[in-house]
J.: 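Quick one: structure below, then a few questions.
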Amino acid sequence: MNKILILGASGFIGNAIYKELHSYFDTYGTYYSSRRSFENNQQFFRYDLEEDDVHDILDKVKPDLIISALRGNFQAQVMAHQHMVEYIQNKDCKLYFISSANVFDAYSKYPSYENDKTLSESIYGRLKIKIENMLLRIPASKMAILRVPMVFGNNSPRIKEIKNALISNEPIEVFPNLIINVTNDDKLTQQIHYLINHNKTGVFHLGSVDLIHHEDFIKEIVNRLGNNRPIYKRVFTTNEDRYLAVLPKSNRLSKNLSFNYQEIIDHHIFSE
Ligand SMILES: NC(=O)c1ccc[n+]([C@@H]2O[C@H](COP(=O)([O-])OP(=O)(O)OC[C@H]3O[C@@H](n4cnc5c(N)ncnc54)[C@H](OP(=O)(O)O)[C@@H]3O)[C@@H](O)[C@H]2O)c1
């Protein structure tokens with residue numbers, strides 16, 4: 001495994017993966033609107049999933065592994081992944097797809113495990129399920145579905161939003177009924193690096209091994225960020241507790257790569 005192509009390498013997760021991998025592998029990436037930072041970088045290609053055929057980039061790069069970390073128009077995402085699936089079936093190439101805990105958002109009473117049946121009430125969750133199902137129809141040795149909970153970290157859009165709210169005295173949304181597991185960019189990219197090194201394929205749940213209420217988690221992070229006077233907006237979506245969590249069971253990674261939510265909290269500092 002030498003050549004890796006990351007689709008969405010200018011984004012939060014895609015760029016974190018690029019930074020983790022590029023000194024070990026011949027790593028390429030795509031960007032869409034973030035021209036300035038990437039257009040002079042020979043490893044990066046501009047790619048618009050609504051206009052361009054992903055085949056053109058695949059033919060240019062000839063990757064051994066494609067990592068898909070895209071956002072964008074849902075129809076166009078489905079089409080692009082259809083093309084990727086066609087490509088990898090005829091080539092010595094695998095596809096790792098960044099999916100989401102939302103593939104289980106219709107089940108609220110329990111956390112979810114790798115082999116549970118997916119079901120979603122959201123259009124985002126249904127998009128992820130549609131792409132997952134395309135991958136589940138090809139040989140398992142060709143693909144990995146990486147289901148990821150909410151991703152935090154100092155540079156994450158989620159934490160930046162909290163920091164901005166603290167600065168401008170705006171309310172921070174918390175979901176008191178929501179029970180989640182979590183990750184950050186560092187943990188996620190280390191786990192993906194491990195999966196690549198060990199040539200792993202199949203379905204993986206890449207989040208903390210324990211659970212916490214969203215409200216408690218956000219409040220602990222805000223405490224970490226220092227001396228603030230936060231304003232919280234408590235959003236109740238249901239009367240009862242609801243789970244949105246992807247826990248590992250049948251496809252565990254090595255022990256030193258598993259982590260608790262507390263490690264994700266401890267990572268946060270105020271850097272303004
Ligand atoms: N962040 C989370 O908490 C989280 C949790 C679970 C799963 N995920 C999944 O992880 C993946 C990456 O998420 P992210 O948070 O890193 O998102 P992000 O920061 O918004 O990055 C999205 C990437 O997609 C590219 N893109 C957007 N529109 C495009 C288009 N029309 N054509 C081609 N490329 C386009 C962006 O390029 P430009 O920036 O250059 O425009 C960027 O590289 C997504 O599939 C998301 O569903 C994220």
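Remember, it's 1-based here, ligands and their atoms both numbered in the order they're listed.
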J.: Do Glu50 and ligand 1 have an N or O pair less than 3.5 Å apart?
T.: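 No - when backbone and side-chain N and O of Glu50 are compared with those of ligand 1, no distance drops under 3.5 Å.
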J.: Pull out every atom of ligand 1 sitting under 4.0 Å from any heavy atom of Ser33, numbered as shown with elements.
T.: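 Result: 38 (P), 40 (O), 41 (O).
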J.: Test the Lys219-Tyr232 pair against the cation-pi criterion, namely NZ or CZ under 6.0 angstrom from the six-membered ring centroid and within 45° of the ring axis.
T.: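 Yes - Lys219 lies over the ring of Tyr232, closer than 6.0 Å to its centre and within 45° of its axis.
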J.: Which part of Ser99 is near ligand 1, with near meaning a heavy atom under 4.0 Å away: side chain, backbone, both or neither?
T.: backbone
J.: Taking the minimum heavy-atom distance to atom 44 (C) of ligand 1, which of Leu70, Ile6, Ile67, Leu7 ranks first?
T.: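 Nearest option to atom 44 (C) of ligand 1, by heavy atoms: Leu70.
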J.: Tell me whether Lys200 forms a cation-pi arrangement with Phe204, defined as NZ or CZ under 6.0 Å from the six-membered ring centre and within 45 degrees of its axis.
T.: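 No; the conditions do not both hold, so Lys200 does not lie above the ring face of Phe204.
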J.: Under a 4.0 angstrom heavy-atom cut-off, which atoms of ligand 1 come close to Val148?
T.: 6 (C)
J.: Starting from atom 9 (C) of ligand 1, what is the nearest protein heavy atom, named by residue and atom, and what distance separates them?
T.: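 Answer, as residue, atom name and distance: Ile98 CG2, 3.8 Å.
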J.: Looking only at protein heavy atoms, identify the closest one to atom 32 (N) of ligand 1 and say how far it is in Å.
T.: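 Protein heavy atom at minimum distance: Leu49 N, 2.8 Å.
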J.: Indicate yes or no: does an N/O atom of Gly11 lie under 3.5 Å from an N/O atom of ligand 1?
T.: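 Yes: some nitrogen or oxygen of Gly11 is under 3.5 Å from one in ligand 1.
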J.: Is Phe12 close to ligand 1, meaning an N/O of one under 3.5 Å from an N/O of the other?
T.: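 Yes; at least one N/O pair falls below 3.5 Å.
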J.: Can you list the atoms of ligand 1 that are under 4.0 Å from a heavy atom of Pro149?
T.: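 Every atom of ligand 1 under 4.0 Å from some heavy atom of Pro149: 5 (C), 6 (C).
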